[in-house]
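Reading through the structure tokens given below for one structure.
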Amino acid sequence: MSQRIAVCPGSFDPITVGHLDIIKRASSLFDKVIVLVVINPNKHPSFTPDERVEMIKEAVDGMLNVEVDLYCGLLIDYVRNIGAVAIVKGLRAMSDFEYEFQMALTNKKMLPYAETVFLTTTANNMYLSSSLVKQVAMFGGDISDFVPRCLHNRIKERLFCSPETL
Ligand code: PNS
């Protein structure tokens, strides 16, 4: 029987424990999960695409059916080329819903056989976002509950700006 592959796309700038929770849960639902760092030319990320891929690889180390890839282009083209059956997204709150719903319907229109699967975030992670994590790290706050343990120091050191330098 063919493998059921899911793609978990995002900016992951950087990956948070919320992302990691969704990836873990997706990996128990599908034969293979590809975490896809998607380059968005309209965004100005703090980490380079290669850094984001490297950090995710560290965070998913040991998850045997999870791979990490980098992509610039239309998501459905990647999904089609790789033979995936689903796109997995995490939903935190109603505020995520409208945009996610719009993307899911647009993707469905373009590639009808691929389903978008929404996993509700774990209650503990409802408030988490990469941009808030970056703000906390930038001003020297404690991000240990927000990002995978193996990446704490790397993210802290990379983003910390002493107020005198601002
Ligand atoms: O983590 P993000 O930034 O919310 O992820 C958004 C992402 C990467 C999933 C979305 O922007 C995307 O799918 N980009 C690829 C380009 C594309 O296919 N756009 C049309 C979506 S309907």
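Side chains included, hydrogens not; waters and symmetry mates left out as well; all remaining heavy atoms used. In listed order, ligands and their atoms are each counted from 1.
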According to the ring pair (Phe, Tyr, Trp, His ring centres under 6.0 Å) rule, which pairs have a member within residues 21-76, sequence neighbours left out?
Tyr71-Tyr78
Atom pair SG/CD1 of Cys150 and Ile155 - distance to nearest 0.5 Å:
8.5 Å
Quiz: residues 116-123 side-chain donor-acceptor pairs under 3.5 angstrom, not counting sequence neighbours:
| unit_1 | atom_1 | unit_2 | atom_2 | d |
| --- | --- | --- | --- | --- |
| Thr122 | OG1 | Asp21 | OD1 | 3.4 |
| Thr122 | OG1 | Asp21 | OD2 | 2.5 |

Decide yes or no for Val147 and His152: does some side-chain heavy atom of the first lie under 4.5 Å from some side-chain heavy atom of the second?
yes
Sequence neighbours excluded, the answer for salt bridge (charged side-chain N to carboxylate O under 4.0 Å, His left out) partners of Asp96 is Arg92
Can a salt bridge be assigned to the pair Lys57 and Glu67 using a cut-off of 4.0 Å between side-chain N and carboxylate O?
no
Write none if no such pair exists; otherwise list each N/O atom of ligand 1 with its protein N/O partner under 3.5 Å and the distance.
| unit_1 | atom_1 | unit_2 | atom_2 | d |
| --- | --- | --- | --- | --- |
| ligand 1 | 1 (O) | Ser11 | N | 2.9 |
| ligand 1 | 3 (O) | Ser11 | OG | 2.6 |
| ligand 1 | 3 (O) | Lys43 | NZ | 2.7 |
| ligand 1 | 18 (O) | Leu75 | N | 2.8 |

